There are 2 protein chains.
Amino acid sequence: MKTDLEPFILSINNLDETILQDVTPAFRHYEYPKGYFLLKAGKVCDQLWFMTKGCVRYFYTDENGKEANTWFSLDEQIVTDTISFVTRKPAQESIQVVEDASFYAIDCEAIQRLLKKHHAFALWYIKLVEKHYIEQVEDRIADLQFLDAKQRYEKLTTLYPSITNRISLGHIASYLNITQETLSRIRSGKL
Amino acid sequence: MKTDLEPFILSINNLDETILQDVTPAFRHYEYPKGYFLLKAGKVCDQLWFMTKGCVRYFYTDENGKEANTWFSLDEQIVTDTISFVTRKPAQESIQVVEDASFYAIDCEAIQRLLKKHHAFALWYIKLVEKHYIEQVEDRIADLQFLDAKQRYEKLTTLYPSITNRISLGHIASYLNITQETLSRIRSGKL
DNA sequence: TCTAGAATTTGATCTACATCAAAATGCTTT
DNA sequence: AAAGCATTTTGATGTAGATCAAATTCTAGA
């Protein structure tokens, strides 16, 4: 039942059939419902997930227990807390499924083993890290610094037209770092 | 005169002497004065620099020609526009020396060649990308979302105590995305 | 040492978005 | 279909930091 795993792997970078045969068994398939935590802040992120469908949010919890979303990943994306995964230190953020999702997961140890074993896998992994960096970082820092709430909302809905159907106003407002009230006013054109 | 290059390379990850001998000639040494542009927005970033001392700023220029700093790197840091370097697309941002600086530079082509040639170099490069990701991203997105101007200023000066001596108030205000006036008031304790 | 331009500080007002409170709407479960 | 809860919308007021204008301090060259 791993029919969609290989295309996902090969979409990152090509890998010879022989190496692919050694790589695919390192992945396991999971289905998680809305509300499930892939990662809780304070734990080391030990997995890297390929999400094939669904939606997750990344969020911080402040000292008062208030949550603040920093990101959403929808459908076919790499999901992990890169900093924790790389440093082996406890994650600052949590990752939670917000729409039932399926994943292929590989753990850190398997990656380290494959990196040492196959030069070609190391080249593949470089592409993965680069791709993930771009997904997570591109424009985001500049947007946070230079766009106001309305512009960021418009950019988000342009980039992910389905997001407003799939994620609640509260979650989106939290991501935009504005209140629900303000987002509601933006949506209705009063701002 | 490449005495400090090898320690810098080895500080990323260990490399066997034989491979190191093949890697070091790919780097060239440069000294650039304040004001020099390592990268101008619109050009593809073709180089990766190891800065051994000095200071650079990363900034965007908006449609009105107004500049906004997104980052500073001081002294011993990796300097490059990762997105452009990886995607080979024109950079959105510019990188400029703000305090006379020395660098060891390697170009993209040399990296690609060495990646294919040496498995160990690929493992080294993974460490480099990870290190750079952490330098550039760690906490930064969360800080932008959750800290106010004063908190971000305090964090910046804690992280880089020398920054206020080395970088003008205008550049720092631009990075904090506040006006010079507001930063001046923060410094004097009026906010 | 003097001077001009640049950098920084100070003051007064304005605005985007927050906060608090309440009303309206939508979604489940029986 | 009604009840009950969660989500979204609306309204009134407060505040951090912007903007505009001017004064002050620093700094480099003559």
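So that the names make sense, note that chain A is the first sequence line, chain B the second, and so on, each numbered from 1. The structure displayed is predicted, hence computed values, not measured ones.
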Verify the contact: side-chain N or O of Ser184(A) to OP1 or OP2 of dT8(D), cut-off strictly under 4.0 Å; return yes or no. no
Rounded distance (Å) that lies between atom P of dT9(D) and atom CD1 of Ile172(A): 11 Å
Among residues 139-157 of chain B, which ones have heavy-atom contacts with DNA chain D below 4.0 Å? Asp148(B), Ala149(B)
Think Arg113(B) forms a cation-pi with Phe121(B), using NZ or CZ under 6.0 Å from the six-ring centre and within 45 degrees of its axis? no
Would you mind checking if Glu99(A) and Lys34(A) are paired as a salt bridge, meaning a charged N to carboxylate O distance below 4.0 Å? no
Considering all heavy atoms, the nearest Thr24(A)-Leu5(A) contact: O-CD2, 3.9 Å
Rounded to whole Å, CZ of Arg187(B) lies from P of dG17(D) at a distance of 16 Å
Determine, step by step, whether Asp139(B) and Lys155(B) satisfy the salt bridge (charged side-chain N to carboxylate O under 4.0 Å, His left out) criterion, reporting the C-alpha distance in whole Å, the side-chain angles of both residues, the deciding distance to 0.1 Å, and the verdict. CA-CA 11 Å; Asp139(B) 297 337; Lys155(B) 187 154 177 177; 3.7 Å; yes
Starting from P on dA24(C), measure out to CG on Leu169(A) and report it in whole angstrom. 19 Å
Distance under 6.0 Å and angle within 45° of ring axis: Arg152(A) vs Tyr175(A): yes
Looking at Lys190(B), I'd like to know whether one of its side-chain N or O atoms comes within less than 4.0 Å of OP1 or OP2 on dT9(C). no
Cation-pi between Lys40(B) and Phe37(B): NZ/CZ under 6.0 Å from ring centre and within 45° of the ring axis? yes
Could you tell me the separation between the SG atom of Cys45(B) and the CZ atom of Arg88(B), rounded to the nearest 0.5 Å? 7.5 Å
At their closest point, which heavy atom of Asp107(B) faces which heavy atom of Gln47(B), and how far apart are they? CB-NE2, 3.5 Å
Per-nt protein contacts along nucleotides 18-24 of chain D (heavy atom under 4.0 Å; B base, S backbone sugar-phosphate only, - none) come out as SBBB---
Nearest-angstrom distance from the residue atom CD1 of Ile186(B) to P of dG17(D): 6 Å
